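Below is one structure, written out as structure tokens; comments come after it.
Remember, it's a predicted structure, so these values are computed and weren't measured experimentally.
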4 protein chains.
Amino acid sequence: MTSTDNPVRLHPAVAPNQPDVTPALEALYRGFESELLVPLWTEIGDLMPAHPRSRAVPHLWKWSNLVRLAEQAGDLVPVGRGGERRAIALANPGLGGRPFATPTLWAAIQYLMPGEDAPEHRHTQHAFRFVVEGSGVWTVVGGDAIPMNRGDFLPQAGWNWHAHHNATDKPMAWIDGLDIPFQYQSEVQFFEFGRDSISDPERITPERSRSERLWGHAGLRPLSATTLTPGSPLLSYKWEFTDRALNDQLAIEAEGFGGTVEPGHAAVRYTNPHTGGDVLPTMRTEFHRVVRGAETAPVKQTGSCVYQVFDGSGTATVGDRSWTVSRGDLFVVPSWQPFSVKSQAGTTDSDSGALDLFCFSDAPIFEALQLDHMEVTR
Amino acid sequence: MTSTDNPVRLHPAVAPNQPDVTPALEALYRGFESELLVPLWTEIGDLMPAHPRSRAVPHLWKWSNLVRLAEQAGDLVPVGRGGERRAIALANPGLGGRPFATPTLWAAIQYLMPGEDAPEHRHTQHAFRFVVEGSGVWTVVGGDAIPMNRGDFLPQAGWNWHAHHNATDKPMAWIDGLDIPFQYQSEVQFFEFGRDSISDPERITPERSRSERLWGHAGLRPLSATTLTPGSPLLSYKWEFTDRALNDQLAIEAEGFGGTVEPGHAAVRYTNPHTGGDVLPTMRTEFHRVVRGAETAPVKQTGSCVYQVFDGSGTATVGDRSWTVSRGDLFVVPSWQPFSVKSQAGTTDSDSGALDLFCFSDAPIFEALQLDHMEVTR
Amino acid sequence: MTSTDNPVRLHPAVAPNQPDVTPALEALYRGFESELLVPLWTEIGDLMPAHPRSRAVPHLWKWSNLVRLAEQAGDLVPVGRGGERRAIALANPGLGGRPFATPTLWAAIQYLMPGEDAPEHRHTQHAFRFVVEGSGVWTVVGGDAIPMNRGDFLPQAGWNWHAHHNATDKPMAWIDGLDIPFQYQSEVQFFEFGRDSISDPERITPERSRSERLWGHAGLRPLSATTLTPGSPLLSYKWEFTDRALNDQLAIEAEGFGGTVEPGHAAVRYTNPHTGGDVLPTMRTEFHRVVRGAETAPVKQTGSCVYQVFDGSGTATVGDRSWTVSRGDLFVVPSWQPFSVKSQAGTTDSDSGALDLFCFSDAPIFEALQLDHMEVTR
Amino acid sequence: MTSTDNPVRLHPAVAPNQPDVTPALEALYRGFESELLVPLWTEIGDLMPAHPRSRAVPHLWKWSNLVRLAEQAGDLVPVGRGGERRAIALANPGLGGRPFATPTLWAAIQYLMPGEDAPEHRHTQHAFRFVVEGSGVWTVVGGDAIPMNRGDFLPQAGWNWHAHHNATDKPMAWIDGLDIPFQYQSEVQFFEFGRDSISDPERITPERSRSERLWGHAGLRPLSATTLTPGSPLLSYKWEFTDRALNDQLAIEAEGFGGTVEPGHAAVRYTNPHTGGDVLPTMRTEFHRVVRGAETAPVKQTGSCVYQVFDGSGTATVGDRSWTVSRGDLFVVPSWQPFSVKSQAGTTDSDSGALDLFCFSDAPIFEALQLDHMEVTR
């Protein structure tokens, strides 16, 4: 390393509790710089704040813009080995232009043209797909073909071979969530190329994948499954079941019993049927339904989340930002920023008027390390 | 305690490796007796055998006999506070006439006449119901009414208030499984009386209980559930889903993929959706389907099991015993005795010809203590 | 099985809440008997009591009697293959004359003459040795020779090869604790013979065994240990350290800080340094020191314990029994019986006047199964 | 946010597997920029490499330089509320001049002048102190005064109040390790000021802290400790015990048995006696001793480490860098870079000639998330 590579630059502060700025101090700081040292006393306010202070900022991405640009990319950008996926990621404006929705989470729209294949690969980054509209693509995981339709959630634990195929004559878009920023910062990721194209039998999509037939029965574990894998063995959580679970909670509430998180607010967490825990070691995924006119209590949590509006419309408030949101819109909740949503009557012609939200977060990381904290204002 | 209460009686053995039987030895043994002592050297063969040697014996109880006697009890024996339940338990002939199917497990037929209530109580003993035929009774657990129909499995973790009600004009029978012998030997059990009768709203049976509506969706945890209880929060595992899960495994096998335990042998374990583990801390419950003509590999396991034939017929072999079994029959597999079944073609007129078996065991006790061992002869 | 083998005998009770005793009922009961069935309604009071009701009774064994009889056995009973150990077990008078101190625990005095070897074997039963007096024997575990001296505690997890050797010209006695009754009732035990005699290098006793040198450093795990075994890898807990730990707690109490369980009552639990949990999967072992004049609060617990007085004297109260106890005496605390001790001033000429107690229990079994309950009267 | 705030800048690449650079593509990329989007296909090589590729670089800091600059800081920089600590952190040249030794770990020299106090505070960042030379300072944790001497290791789990006091007439230096970069990137940290000065009783240093007297006895848990805290309750691991544990391993190796990691390489991991696991939820700490002339096998691991030479000298090799190291020197091993050391005969006049190394890493983070991988070349 030459001296020009040395990135340390120290600037004495004129502030209470800081040493007097004297020539001797300047000389000391030059000494620190030349030895690649940085003092705590100039940095502590930034590094050790009283509570989490996010560099990531609350931000909203409109689905219509994402789809429009994805369509253009469909015309201009091929999908193939090397580029791997036609995926376009949210870049939080507070994170330096990197494709990071939050310091730990990646969120992207992926787009596949009729007949296209995205080639097989595997990586230690955990991933999932969530489908806000469209159908016709399936993901092939370890040779098991999984259909993708509106409302379906497909977790994809790290190091599983996977490819995508669009079997229809229409393009299709969905969102991908991954822990790319976390594994990038931590420098723990591996990646491997697989086959360039899937086999013909894998192009035949059954209505239900093998994983669903083995694991998609509540409270029934296949005895043939003897090894515990890091992520969920259930590779698709179909919309039909999520929708019914939410309606069941609201029906129980209507009968006068518990079952919802708070009045008018039903919610499920996607879980690994083998462990009852989160579907992925580093990401939590949930689905929330807020009935027409209801409002959620503001919550602050360590760690960050990304939300996508699945249906309905309403107002989302994150820190000092507030947006009107509707189908497909994505927004980010940075660490320790209060978050709440309100479902708005009359702004939707859907049957229920409920605001339906999919979300994912990095909570399992901080729970595993006992660094999770939460405050609810009720 | 008077001397007559002293139960110790020692008998010197004339055998290799035993001390010579002399007057001095006799005097020593009298000394042991008077001080309530027993030497290891006369007992070790019984106490510390080379492998588990069960006092419980393989035994078969025919369902027709159980039902006949239960019907007679229906006429002669009232159900009410004190006696609590019209339950008639299997008494393994190797266990001294006690109502113990195995050293750890209780299995009984319970019988409720039209309109009868079994009064509310709770106990630390873990329990479940399994319905081999009939319908019309429901179990009310903590105020949640759960219907009981053929093939349904209802776990009942310890210390939950529960009662039964027969809403129909026909009697109904089912089996109860509990860990009564284990808790009795261990002397760790508590019991409490509840209300003498359930309330009117609890007599209205919804098609699905609240527990099923909250927890009966594969891989979807209600966010309102924040505390982990010792047993499964899902209080009914309906037959429809168990049946489908087994057929799905056989379909996957037919397509040329894994999914069954061995050829023609599908099986599920009932699990707690909150943890992925066994439904009850001390009992494992499973359902096995063996297709027409298939035979399972002999298995030896530490701990004991009780099986009930749900459908079909075939041959069950336990140790040196072998029986032809059919619907409702119950039999016991003692510790470390080899067990296998064969489904018999032509002996049933059911659609599939498959032999369907429900079973429960004490495996979670020995897994928790790392005392579980298994040998499969394949 | 012939009919004479059928052990079921039913006796209708004339009691409230029992069916009327009629010829029809008698016929029904004969029917139950012939089908090996027992009704719940005649058994429930015994099987499902309001709280644990122990068949085991509180009982005291005087050390002087045990030693006297063990010495006689030393003259009359050889130690060798088949009988395996010159061990004489406590037989709780409530447990039918079997060598069971409690329903789950075995406690015995073992006695080895000068120069004798007890042959090598292994078994799934977990075991330990505790030395109340004497020295000169060592236990060889997997080839590692471990000296035994007054106050030393030696856990011996199941399935480790082990032998004993008396290197001195004096006999030595100590106590063995095992989970024999639990594994016997559960029918999960395995046993295997090893070498008939140990090798010469194993007869050389180092001051500290290899296990102590690898694992006997607080909070320091040897990096070479990569596999987790079911029991503690530390094979001796020397008296010097136990004594110091207890004195440290009393010193902290004297300085005005917490550290003792209650005033004047110091206590340590022996733990597995690899997990921080109990040294053995089925047995908990502790050492308690009650200073002169102090008295412990009565405690009720599910599961049973055996105590041995290590030093000092005092009064032990178990249920409605109370004894004056002194060095070496053993007594039993059955399930859910209140237990307390008082250290008696003036009855001992030891330096401290403290009552020192070693104890072991079956608590890990019931903690693992969430069946542990405790009540303290303070 | 104004447009000037938008940090996204995209540059089409002329490369295989990249879309053709056309005006249409340029327009698309401008569209991405304006909507805060970044495509995967230009980033994947950096974000998803075949194996971990560290931005952090191997680097060595000489202890003599650190001490010299710390002494100058002692004269120029006061210690007090606001700056909190006179700590000077290693800034890895690959990490942009931030005070981050690695992407997750902070390592600093802390320096306290005679009679100085560092004021009390607490934070969620986990921390420890390690003393390579000197004595006379103690750390007061929750009112418990803990002396610091050469070789002592003091873990300091998050959210414990702590202060430092130099009781002597000489300055003292030691190293602090924290997970500041990890909690900073993750945005999960809290911080709170405590008392400005400690009380007089806390200035009296006992030879052993209360924590050591309660928890510093191998395999003996104080029964008064009933709650499990996130980090180790043992607040000092004294040098005397670490040194003895390492020598014991080498003695066992010399006797012809296992015990060392590899020939001539003894090592211990500091563990939490309450759990047997790492002392801190996010940091692993170990001590390694490599005897004169021995060399360790190269190891690659996900996650990063910092080493400090405690005694002896030798050669450390990290990736393509190699340094001669001696007492106090600190160096960094980035993720997945092969690391080995060799102890050099003749370069030291210490008794043993062994190279003694303290190290800490972020391994518990990645083990908890199942992202830990290791390769050893032997």
Side-chain angles (χ1 to χ4, degrees), chain A residues 1 5-9 17 19 24-25 28 31-32 35-41 43-44 47-52 54 65 69 72-73 76-77 80 82-85 87-89 91 93 96-97 99 103 123 180 184-185 187-191 230 281-282 302-303 335 365-366 368-371, chain D residues 1 5-9 17 19 24-25 28 31-32 35-41 43-44 47-52 54 65 69 72-73 76-77 80 82-85 87-89 91 93 96-97 99 103 123 180 184-185 187-191 230 281-282 302-303 335 365-366 368-371:
Chain A
M1 196 179 69
D5 291 323
N6 184 329
V8 181
R9 295 290 172 272
N17 302 307
L25 189 79
L28 177 65
F32 287 164
E35 296 296 332
L36 290 163
L37 298 170
V38 174
L40 175 64
W41 57 85
E43 301 285 318
I44 188 167
L47 288 180
M48 303 181 87
H51 56 73
S54 48
N65 291 333
L69 289 162
Q72 293 173 19
L76 297 172
V77 180
E84 301 293 308
R85 299 288 184 265
I88 309 159
H123 40 71
I180 289 175
Y184 176 79
Q185 292 290 353
E187 306 181 337
V188 296
Q189 72 278 69
F190 294 81
F191 182 97
T282 54
T302 49
S335 185
I365 298 172
F366 304 115
L369 304 173
Q370 304 182 65
L371 290 166
Chain D
M1 195 179 69
D5 291 323
N6 184 330
V8 180
R9 296 291 172 272
N17 303 307
L25 188 80
L28 177 65
F32 287 165
E35 294 297 333
L36 290 162
L37 298 169
V38 174
L40 176 64
W41 57 84
E43 302 285 319
I44 189 168
L47 288 180
M48 303 180 88
H51 56 74
S54 49
N65 290 333
L69 289 162
Q72 294 174 18
L76 296 173
V77 180
E84 301 294 307
R85 298 290 183 264
I88 309 161
H123 40 72
I180 289 176
Y184 176 79
Q185 292 289 352
E187 306 181 336
V188 296
Q189 71 278 69
F190 294 82
F191 182 96
T282 55
T302 50
S335 186
I365 298 173
F366 305 115
L369 304 172
Q370 304 181 66
L371 291 166

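- Of the two parts of A:His123, only the side chain, counted from C-beta on, holds a non-hydrogen atom closer than 4.5 Å to a non-hydrogen atom of chain D.
- Interface remark: A:Leu25 contributes backbone and side-chain atoms alike to the contact with chain D (heavy atom separation under 4.5 Å).
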Q: With side-chain contact (heavy atoms from CB on, under 4.5 Å) as the test, would you mind laying out the steps for A:Leu47 and D:Phe191 before giving the verdict?
A: CA-CA 10 Å; A:Leu47 288 180; D:Phe191 182 96; over 6 Å; no
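- For A:Pro7 against D:Pro93, the heavy-atom pair with the smallest separation is CG-O, 3.4 Å.
- Of the inter-residue distances, the one linking D:Glu43 atom CD with A:Tyr184 atom OH reads 8.5 Å to the nearest 0.5 angstrom.
- Of the listed residues (D:Arg85, D:Met48, D:His51), the greatest number of heavy-atom pairs within a distance under 4.5 Å of chain A belongs to D:Met48.
- The parts of A:Leu76 that come within reach of chain D are both its backbone and its side chain, each placing non-hydrogen atoms under 4.5 angstrom from that chain.
- Under a 3.5 Å cut-off, the side chain of A:Ser335 and the backbone N or O of D:Glu187 do form a donor-acceptor pair.
- Expressed to the nearest 0.5 Å, how far CD of D:Glu35 lies from CG of A:Asn65 amounts to 4.0 Å.
- Only the side chain of A:Gln370 comes within contact range of chain D, judged by heavy atoms closer than 4.5 Å.
- When each of D:Ala368, D:Ser54, D:Ala73 is scored by its heavy-atom pairs under 4.5 Å with chain A, the top score falls to D:Ser54.
- When each of A:Ala50, A:Gly82, A:Gly83 is checked for heavy-atom pairs under 4.5 Å with chain D, A:Ala50 comes out on top.
- The choice from D:Pro281, D:Gly96, D:Pro39, D:Gly80 that makes the most heavy-atom pairs within less than 4.5 Å of chain A is D:Gly96.
- Between the CD atom of A:Glu84 and the CD1 atom of D:Ile44 there is a distance of 5.0 Å, given to the nearest 0.5 Å.
- Contact tally against chain D (heavy-atom pairs below 4.5 Å) for A:Pro19, A:Pro52, A:Ala91: the top residue is A:Pro52.
- Proximity to chain D involves both the backbone and the side chain of A:Gln185, based on heavy atoms less than 4.5 angstrom apart.
- For the set D:Val188, D:Thr302, D:Val8, D:Leu371, the entry with the most heavy-atom pairs within less than 4.5 Å of chain A is D:Val188.
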Q. Does the side-chain contact (heavy atoms from CB on, under 4.5 Å) test come out yes or no for A:Ile365 and D:Leu369, once each step is laid out?
A. CA-CA 7 Å; A:Ile365 298 172; D:Leu369 304 172; 4.0 Å; yes
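- For D:Phe366, the part lying near chain A is the side chain, with the backbone staying farther off; criterion is any non-hydrogen pair under 4.5 Å.
- Counting heavy-atom pairs under 4.5 Å between each of A:Ala87, A:Gly31, A:Gly303, A:Pro103 and chain D puts A:Ala87 at the top.
- Looking at D:Ile88 and A:Leu40, their side chains never come closer than 4.5 Å, going by heavy atoms from C-beta outward.
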